[in-house]
Structure formats: structure tokens, C-alpha cells
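Below is one structure; the comments refer to it alone.
Values below: all heavy atoms of this structure, side chains included; hydrogens, waters and symmetry mates excluded. First listed ligand is number 1; within each ligand, the first listed atom is number 1.
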Amino acid sequence: MPFKQREKSMQDFRKFLYVLPFAWISLTPMPVLASDNDDAKFAEYRDSLEEGNPGEFWVDDGEELFFTKAGPKNASLEKCDFGLGPGVVEGAYAQMPRYFADTDKVETLEGRLITCMKTLQGLSDEDIQEQYLNIHYLNAAEEDSRVSPLSQLATYVAAQSNDMPFSVSLEHPKEQYAYELGKKTFWHRMGAMDLSCAHCHAVPGRVLRGVELPIMTDPRRAGKVMGAFPAYVNKDGNVRTQWWRNERCVLAMRLPWLKVGSEIDAALILYQVKKASESKEEISVPGLKPRA
Ligand code: HEC
């Protein structure tokens, strides 16, 4: 089936799924209480959106987590070095992904948080998987509304770069390598569908699901898009990070799982954030999106 047509039928199917529960409600003599409850829930939701961005809860909860002692070493993450020195969070996200000498790797924000959980808190890979990755870092289902503590931490740290434009450097050879790898990954056709990211995100005027696809090679557009993540996504009722957004498209391309903190994860983010760095668009986290 051609891609557009397939998307269209998926869309119709999704609409059907949305309508289904309401159809059931209208046919069943519902207790008044239940619909009152639903009304109250919707009203609460509408209020929370009017008052502001529910993603702010991720910032607050992430801050609390950041300063909470945990792990075998009973330490918090407050001494974590995001590239500007131990404990400096202000402006750090604007310069990530970046090279870190202690791990000899280019790391993303989430990747660096995981490194600090190991070095400062003494957590093992198994601990990290159990406590942090099991919630939506191993399964990027849109309907999974559980809150991830790793996303909370990332949202808190990212928000400390608000109102600053991205400015990643490609000074270190490993940063240059990661950028080239990201570029290659972005432009290379892969997977069962023989698609590249560029196929959808480098050609002006491509529309899918009625949405114009962002041109990620345009610095201003890349600046707006990358600077909005982590973003609260209404449809999911959850905050999604840059990693999650890339992973959704990787999934759609039928490619293997994009492991958070992996070389390809850092490369894809660095490539797009480098584009963003060529604009003056400021980071504004948490973003607010109808869907992602
Ligand atoms: C078949 C088309 C397609 C391909 C291939 C594709 N994407 Fe996407 N991408 C989309 C769609 C659709 C959206 C969601 C747009 C929406 O609903 O707002 C999206 C959204 C995004 C966003 C967030 C945009 C925003 O406005 O928040 C990023 C970043 C992104 N894709 C990166 C990538 C990367 C990186 C790749 C390659 C690994 C890729 N995409 C491959 C279709 C594609």
C-alpha cells in the first residue's frame, strides 16, 4: 500500500478507536456518577492546560529527584558534571551532546545522567534498567502514560538552559565523528521501507497525517523543534525527550531499537542540535505539543 494511503487508513482506524468508547457510553444507561466523574476529569484537564504547561511538574519533580540521595553510595546527582563543571546545570543542555573525557564518549543529556548515576551513586546497569529504563526507554508506546524519572531529571536539567540558543561545538574529533555519523544516519536510506530521515525531514512541503513535516536541515526550524524537547505532549499525557522523538521515527522506519545513550542516539541528536545551533532560536523547555 502506498505510504500516504496506509497512513490514512491507520488514521481512520485510530479515529474509530477513539469513537468506540463513546459509542458504548451512549448505548448503555450510564450511572450519572460516572459521567460526572468524567466531566470533572476533563474540566480538571482543561484547567491545568489553561493554568500552564503540565510539563512544569516534570521540572519540579526532576529537581527533587536530582537532589535526592540514592544508590549504594547514597549520593545525589548534584555533583554531576554536564560539561561545565561539577554541579553546573545552568546552560549545560545548550551545549549537549558533547564530548566527555572521563567516559571518552560524546554523551546526550540522558546518557550523561546515566553515567552520573553509575559514577556518583554507584548504580549498576541492572539497577539503571530496573529503576530508570523500564519506564518508556525500552518501549516507546505513545499510550504509555507512566512517568519516567529519567525524563523528569532530563526536563529539570534542560530547563536550566531556557532562553539560551543551542551552541554545540564540534571541536573534539569525537564530536566531529559523532556529527558525521549523525549526518550519515540522517541521510542514509535504511530498513524494510528504504527510507531516510531526510526523505521526510529535508524536503519542503512534505505532509503526513495532515501535518507539515519539519525541515530539520533548516536551522530555524531545527532550533524551534529541538529547543522544545523535553516537551509535554497532550495526546500522550506525558513528557517526551529528543531521544523519544527520534525513536518514534526510527520505529516507524522499522529499524532496530534506538538505545538511549548509544552512539547513534548521540549522533542523531548532535546532527540536529548542530543545525539548531546555527539559529538564534532559544531553548524553551518544557515545550507543549498537541502530539509528537
Ligand atoms: C516517513 C516519514 C518520516 C521519516 C522517515 C522520519 N520521520 Fe520524523 N517525523 C515524521 C512525522 C509524521 C512526525 C510527527 C509530526 C507531527 O505529528 O507533528 C515526525 C516528527 C519528528 C520530529 C519532531 C518534530 C516536531 O515538530 O516536534 C523529529 C525531531 C524527527 N521526526 C526526527 C526524525 C529522525 C531523526 C528521523 C530518522 C531517524 C526521522 N524523523 C524519520 C515523519 C518521519
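Side chain of Asn162 to main chain of Val285: a donor-acceptor pair is present (N/O by atom type, distance under 3.5 Å, no hydrogens or angles).
A pairwise comparison of heavy atoms in His136 and Val239 identifies NE2-O, 4.1 Å as the closest pair.
Remark: ligand 1 atoms within the under-4.0 Å shell around heavy atoms of Pro214 are 24 (C), 26 (O). Those atoms of ligand 1 that come under 4.0 Å of a heavy atom in Val250, given as number and element, are 38 (C). Of all the atoms in ligand 1, the ones that sit under 4.0 Å from a non-hydrogen atom of Val211 are 16 (C), 18 (O). Within ligand 1, the atoms closer than 4.0 Å to a non-hydrogen atom of Ser196 are 5 (C), numbered from 1 in the order shown. Listed by number with element, the atoms of ligand 1 under 4.0 angstrom from any heavy atom of Asn246 are 29 (C), 32 (C), 35 (C). Less than 4.0 angstrom separates some heavy atom of Phe229 from each of these atoms of ligand 1: 27 (O).
For the ligand labelled ligand 1, residue Lys289 lies inside the 4.0 Å heavy-atom shell. Residue contacts with ligand 1 leave out Tyr271, since none of its heavy atoms falls under 4.0 Å from the ligand.
Neither the backbone nor the side chain of Thr185 comes within contact range of ligand 1; no heavy atom lies under 4.0 Å. Contact annotation: for Met253 versus ligand 1, heavy atoms closer than 4.0 Å belong to the side chain alone.
The nearest non-hydrogen atom to atom 13 (C) of ligand 1, considering only Arg245, Arg221, Gln272, Glu247, comes from Arg245. Evaluated by nearest non-hydrogen atom to atom 38 (C) of ligand 1, the leading choice among Cys197, Pro290, Cys249 is Cys197. The residue among Ala198, Cys200, Gly191, Ala252 with a heavy atom at the shortest distance from atom 4 (C) of ligand 1 is Cys200.
A ring-centre distance under 6.0 Å is found for Trp243 and Tyr137. Remark: aromatic rings of Tyr232 and Phe57 are distant, center separation not under 6.0 Å.
Every residue was checked against the disulfide (SG to SG under 2.5 Å) condition with Cys197, not counting sequence neighbours, and none meets it.
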Next on the checklist: Does Phe166 form a ring pair (Phe, Tyr, Trp, His ring centres under 6.0 Å) with Tyr93? I'd like the steps, not just the answer.
Outcome noted: CA-CA 8 Å; Phe166 279 111; Tyr93 185 56; 5.8 Å; yes
Next on the checklist: Applying side-chain contact (heavy atoms from CB on, under 4.5 Å) to Glu143 and Asp236, what does each step give before you reach the verdict?
Outcome noted: CA-CA 6 Å; Glu143 6 359 279; Asp236 299 8; over 6 Å; no
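At least one test fails for Arg240 against the ring of Phe229: distance under 6.0 Å to the centre or angle within 45° of the axis.
Where the criterion is an N or O separation shorter than 3.5 Å, residue side chain and backbone included, His201 meets it with respect to ligand 1.
Other members of the cluster containing Ile215 do not exist, because no ILVMFWY side chain is joined to it at under 4.5 Å.
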